[in-house]
Amino acid sequence: MTLVGGPLFVEAVVETFLNGLQQGAIYVLVAIGLSIILGTLKFVNFAHGALYLVGTYAGLLITLKITPTGGKLADWGYTTLGLGWGFLPALVLVPILVFALGLLMERFVARPFYDRPDTDQILLTFGLAIVVQEVFKILFGGQSYNFARPAWASGQVNLPIVGTFPEWRLYIIAITAGVVVLVYGLIEYTDFGLVVRAGTRDAEMVELLGIKLSRPYLMVFGVGAALAGVAGVVGGPLYAVNPNIGTEVLVPSFLVVVIGGVGSITGAVLGGILIGETLAVMVAVAPQWSQVGIYVLAAVVLLARPQGLLGTEEVAP
Amino acid sequence: MSDEPTETADAAEDAGTVVERTDRELPSWERVTESEWFVVGVTTVAVALFPWLFARAPVVSGVLRGYQDLATLILIWGIFAMGFNLLLGYTGLLSFGHAAFWGGAAYAAGVFSAQVSSSPILVILAGTTFAALSAWVLGFVSLRRGGIYFAILTLAFGQMAYYMALSPLAWITGGENGFTGVQLGKLLGVFHLRYPVPGLGWLVGTWKYVLVGAVAILCVAAANRILHSPYGMVFRAIRENDQRAEFVGLNVWRYKLMAFVISGTFAGVAGSLFTIYSAYVPLSSFYWTTSGEVVIMSVLGGVGSLFGPILGAGVYLYVENIVSGVQKLTVPFTGPSEYLTLVEEPIVLLDGFGAYWHLILGLVFVAVVVLFPRGIWGLLEDAGSALRRLGGGR
């Protein structure tokens, strides 16, 4: 791939754009969950990456049969793990599992901490993230597992301008787009979404109107968690699966939330795409600076618009 | 400033020769413990005794099984945690980016030692200055948002520092290999850092420890003075309610920025000392787990107290370096032991403990956050006051 000259240049630009879209898609999935939990419940969840981690490992175990080479499970004599059911069951089951985890987390972790200071919430979820990460490290060992792409999407497709492009990356973009539309519909066009949005604006007033917010809050946390689970499954084949990926994906996702504006789904999508595109362009132009680029982007956005691109002053403190 | 005991003594003299001794004139124990000289004095004694207790004292060191270098490392991280706590414990700002200042200072100190001067004092000054300046910049950007956003932003910019050192600046930082060219000269041109202190080697060990210890005492004195000054009072006021502080007419943002710079400076001192300690700067000193570690240390030890975080640093490093090597966790004094043997057969609580240490620390951390927000130090304080009540004190 070269950056000079006519058709090759256009091809490179489009391919870079697609790569960025796919990169950003994962961040979007994680960030929407973070963003609606933060915007609605005012709860900052540093353990959101841990939910992603659970999603990835669960997806791995449902999809494939693996042989752990390190960790306690291997010590205890489990030579083969996993169901080997393939990818689609994982894409259905993992979100359900992580949704349930999210419900438990809201009830037993977040709810007792709503009235404690922000810093306590961060410390608590940070501690939990460490615990989850360590549990996975102990069980499965610190090494990376390969999460193969599903067979039906492991090939290359022929795109008009770009030429060959990995099929799986297109699926990621498509799945993300579908999920985003679903969540957007849920929040914007259902009664549930109405209550949630009202609760975001003025929780006290909603309660005075006789609507109990505890159940919508529970659901918001569950949905947010499930999204992290989806991201875990979808992103699994992109990166090697190891106990550190949860935290690795958490930091850029937080940036997405901050750039896009807290509580805004469109903001998260915009932020995610921006970050993904920045990464892709930087990789093409100045690979050394690729990681630094997204932080510079975040700094610039913040200096210009502290509340985020699509954030509003009132909602975001 | 807080030299209350001497003040009361002066007052007694002024009152003339007939002095009725009332409670007020006798410096009470609390007032003594709050005085600056007492704090610094106790710190000095503790710092001087620490390596001996830890590595060489009979019985105690056998139980602790520590070593001299670990004592040095604990002091260094103690400074880091103490500075961090100036921000978290007293201003209420939770930063996840302090690795940037620790690592930045470590690299700056290392590069300075290789390129400019290898004098340890100048190296520390160079690293610290770099950290203070970068804290100013990062604080300026991060403090545009408060609360949770501050934590997220500091985390993000800390990571940015990591990636900067990893690749664009690899020509100077050594990239993934870390900075290996650290040059260290003699302290004040006379004392070789690796040599034991003549005559006092049995107590404090090497000149390196003396340097680190002296800086640690200075840092405790500085932190103590800041906290007891009106400036420190403002920090506390901001933690309690920054809106009210704003209404009173204080420029809260500026105070927050200064608190951030001060704590970044402490992190810088510690980072520079770390370069001197290890004569090598690993890239991981920039990684956000370093920030996480100092968060854990401070919270574990107890935020909002001067010594809690240092205690936390000690506990953390002790567990990391010594306890993690323990394969079987047994009930104390069961099984063969040098000093006391209750039962010949060891009672094993947990097999393979070493592998679980990080998990256990994580669980303890969560428990501390949920149950004891004031940390181990807070528990000790509570225990102390309970004892005093038992003894019929006030």
Side-chain angles (χ1 to χ4, degrees), chain A residues 34 38 42-46 71-72 75 109 112-113 116-135 137-138 244 247-248 250-255 257-259 262 286-296 298-300 302-303 305-308 316-317, chain B residues 88-89 92-96 137-138 140-153 155-170 175 239 287-289 291-292 295-296 298-300 303 352 355-370 373:
Chain A
L34 267 178
L38 192 54
K42 309 282 181 284
F43 185 82
V44 58
N45 187 14
F46 266 50
K72 288 287 165 192
D75 291 353
V109 178
F113 268 68
R116 299 263 295 255
D118 302 336
T119 46
D120 282 7
Q121 300 177 353
I122 299 176
L123 292 173
L124 175 73
T125 47
F126 172 62
L128 275 181
I130 294 177
V131 170
V132 171
Q133 182 174 325
E134 282 305 310
V135 166
K137 202 175 276 174
I138 288 170
N244 298 322
T247 45
E248 270 163 31
L250 182 72
V251 181
S253 304
F254 262 129
L255 281 190
V257 175
V258 169
I259 289 180
V262 169
Q288 279 203 320
W289 291 86
S290 61
Q291 285 290 335
V292 178
I294 59 174
Y295 298 100
V296 174
V300 170
L302 267 164
L303 287 170
R305 247 186 100 81
Q307 71 272 35
Chain B
L88 174 60
L93 290 169
L94 174 55
S95 156
F96 264 92
V137 176
L138 283 198
F140 188 84
V141 181
S142 310
L143 279 166
R144 292 180 71 80
R145 299 298 299 274
I148 46 180
Y149 302 94
F150 177 75
I152 298 166
L153 289 175
L155 173 61
F157 293 118
Q159 278 302 87
M160 176 162 141
Y162 171 81
Y163 286 113
M164 291 285 276
L166 175 66
S167 129
L169 297 181
R239 180 187 62 180
Y287 202 59
W288 78 288
T289 45
S291 308
V295 172
I296 295 176
S298 307
V299 173
L300 210 57
V303 291
Y356 295 118
W357 79 269
H358 217 256
L359 175 66
I360 292 170
L361 205 68
L363 288 171
V364 170
F365 177 76
V366 171
V368 164
V369 172
V370 176

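Below, read A as the first sequence line, B as the second, and so on, with proteins coming before strands; counting in each chain starts at 1. Heavy atoms only: backbone and side chains are in, while hydrogens, waters and symmetry mates are out.
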Most heavy-atom pairs under 4.5 angstrom with chain A, which of B:Leu359, B:Val366, B:Leu88?
B:Leu359

For the interface with chain A, which of B:Pro168, B:Gly362, B:Ala161 has the highest count of heavy-atom pairs at distances below 4.5 Å?
B:Pro168

Is [X] in contact with chain A via its backbone, its side chain, both, or neither, using a 4.5 Å heavy-atom distance?
X: B:Phe96; result: side chain
X: B:Val370; result: both
X: B:Leu166; result: neither

State the [atom1]-[atom2] distance between [X] and [Y], to the nearest 0.5 angstrom.
X: B:Thr289; Y: A:Asn244; atom1: OG1; atom2: CG; result: 9.0 Å
X: B:Ile152; Y: A:Leu38; atom1: CD1; atom2: CG; result: 6.0 Å
X: A:Thr119; Y: B:Phe150; atom1: OG1; atom2: CZ; result: 11.5 Å
X: B:Trp357; Y: A:Glu134; atom1: CH2; atom2: CD; result: 8.0 Å
X: A:Glu248; Y: B:Trp288; atom1: CD; atom2: CH2; result: 10.5 Å

Looking at [X] and [Y], what are the two nearest heavy atoms and their distance?
X: A:Arg116; Y: B:Pro373; answer: NH2-CG, 3.9 Å
X: B:Ala156; Y: A:Leu255; answer: CB-CD2, 3.4 Å
X: B:Ile296; Y: A:Ile130; answer: CD1-CD1, 3.5 Å
X: B:Gly292; Y: A:Phe126; answer: CA-CZ, 3.5 Å
X: B:Val141; Y: A:Ala299; answer: CG1-CB, 4.4 Å

With respect to chain B, which residue among A:Asp118, A:Leu250, A:Val132, A:Val292 yields the maximal number of heavy-atom pairs within a distance under 4.5 Å?
A:Val292

Against chain B, label [X] side chain, backbone, both or neither, depending on which of its atoms sit under 4.5 Å from a heavy atom there.
X: A:Ile294; result: neither
X: A:Val296; result: both
X: A:Val131; result: both
X: A:Ile138; result: side chain

Check step by step if side chain to side chain contact (heavy atoms under 4.5 Å, CB included) holds for B:Tyr149 and A:Leu302.
CA-CA 11 Å; B:Tyr149 302 94; A:Leu302 267 164; over 6 Å; no

Could you work out, with side-chain hydrogen bond (donor to acceptor under 3.5 Å, both in side chains) as the rule, every residue matching B:Ser95, not counting sequence neighbours?
B:His98

Under the side-chain hydrogen bond (donor to acceptor under 3.5 Å, both in side chains) test, residues paired with A:Gln291 that sit two or more places apart:
none

